[in-house]
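This one's a predicted model, so the numbers in the text were calculated from it and none came from an experiment.
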Amino acid sequence: MRVLLQRVREASVVIDGETVGAIGTGLLLLAGFTSGDGQSEIDWMARKCAGLRIFPDDAGKMNRSVRDVTGEVLVVSQFTLYGNALKGQRPSFIEAEAPERAERLYQEFAGRVGEEVGRPTQTGRFGADMKVHLINDGPVTLWLDRPPKVTGSPEVV
């Protein structure tokens, strides 16, 4: 599982001219899934995103989490995080999870993040052509990677 996390002043997702998700201060999480991802990866990533101390405290040090600042979270599915562009000029997405399973993982992840943060998350729409608008704060952008644990068959979500 991969997440590109951005600390934002605001972010929104627009589909066909309609805003389907929007937040103020908080986190924009672009989430991608690969074969073998399951509940343990989702739980770990949700805890990590909710607990990262990347918001400033009174002294201006990054010492507060999105929970601490009562921030909001927007989760957007992004299979292209598993794009491989090492060979040629056209990326391969063979490492990305199949859409049917990835959608279930995405919905589960968005829900788990909401539980960890203590309020519902906003989301985009899985598989849609989305326009993502954001004002990155800092900028603070982190790449989070949690390879699936190899224990036989992937956990079912």
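When every heavy atom of Arg2 is checked against every heavy atom of Trp143, the shortest pair comes out as CD-CZ2, 3.3 Å. Contact between Leu5 and Cys49 at its shortest, heavy atoms only, is CD1-SG, 4.1 Å. Minimum heavy-atom separation, Val66 to Val117: CG1-CG2, 3.8 Å. Residue Phe109 comes nearest to Val3 through the heavy atom pair CZ-CG2, 4.0 Å, listed as atom of the first residue, atom of the second, then distance.
Counting heavy-atom neighbours within 6.0 Å of Arg47 CZ, excluding the residue itself, gives a total above 12. More than 12 heavy atoms of other residues, nucleotides or ligands sit less than 6.0 Å from atom CZ of Arg119.
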Determine, stepwise, if the pair Leu27 / Ile54 fulfils side chain to side chain contact (heavy atoms under 4.5 Å, CB included). CA-CA 10 Å; Leu27 300 176; Ile54 60 171; 3.7 Å; yes

Before giving the answer on side chain to side chain contact (heavy atoms under 4.5 Å, CB included), spell out for Ser77 and Met130 the whole-Å C-alpha distance, their side-chain angles and the decisive distance to 0.1 Å. CA-CA 10 Å; Ser77 63; Met130 297 176 274; 4.0 Å; yes

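Within the 3.5 Å criterion, the main-chain N or O of Ala110 finds a donor-acceptor partner in the side chain of Thr121. The backbone N or O of Glu116 sits less than 3.5 Å from a side-chain atom of Arg67, completing a donor-acceptor pair. No donor-acceptor pair under 3.5 Å is formed between the side chain of Tyr106 and the backbone N or O of Gln78. Glu10 contributes no side-chain N or O that, together with a main-chain N or O of Ile135, makes up a donor-acceptor pair within less than 3.5 Å. The closest donor-acceptor contact from the side chain of Glu41 to the backbone of Gly38 lies under 3.5 Å.
Considering CD1 of Ile94 and CG of Asn84, their distance stands at 10.0 Å, rounded to 0.5 Å. With values rounded to the nearest 0.5 angstrom, Asp58 atom CG is found 4.5 Å from Arg64 atom CZ. In this structure, CG on Leu74 lies 7.5 Å from OG1 on Thr123, to the nearest 0.5 angstrom. The line from CG of Leu29 to CD of Gln6 is 9.5 Å long, rounded to the nearest 0.5 Å. For the atom pair CE of Met1 and CH2 of Trp44, the computed distance is 9.5 Å after rounding to the nearest 0.5 Å. Separation of atoms CG (Asn136) and OG1 (Thr141) is listed at 4.0 Å; rounding is to 0.5 Å.
If you check the side chains of Thr34 and Asp37, you find no donor sitting under 3.5 Å from an acceptor.
Hydrophobic clustering places Val113 together with Leu105 (ILVMFWY residues linked when any side-chain heavy atoms are closer than 4.5 Å, directly or through intermediates). Linking Ile, Leu, Val, Met, Phe, Trp and Tyr residues whenever their side-chain heavy atoms come within less than 4.5 Å leaves Leu4 and Val140 in two separate clusters. Val20 and Val73 fall into different hydrophobic clusters, defined by Ile, Leu, Val, Met, Phe, Trp and Tyr side-chain heavy atoms under 4.5 Å apart, directly or through other members. Hydrophobic clustering (side-chain heavy atoms under 4.5 Å, transitive across Ile, Leu, Val, Met, Phe, Trp, Tyr) groups Ile42 together with Leu52. Cluster annotation: Leu30 and Phe79 are assigned to distinct hydrophobic clusters (Ile/Leu/Val/Met/Phe/Trp/Tyr, side-chain heavy-atom contacts under 4.5 Å, transitive).
Relative to the six-membered ring of Phe33, Arg101 misses at least one condition, a distance below 6.0 Å or an angle of at most 45° to the axis.
In this structure, the side chains of Met62 and Arg7 come closer than 4.5 Å at one or more pairs of heavy atoms.
For residues 13-22, the set of pairs meeting the side-chain hydrogen bond (donor to acceptor under 3.5 Å, both in side chains) definition, not counting sequence neighbours, is empty.
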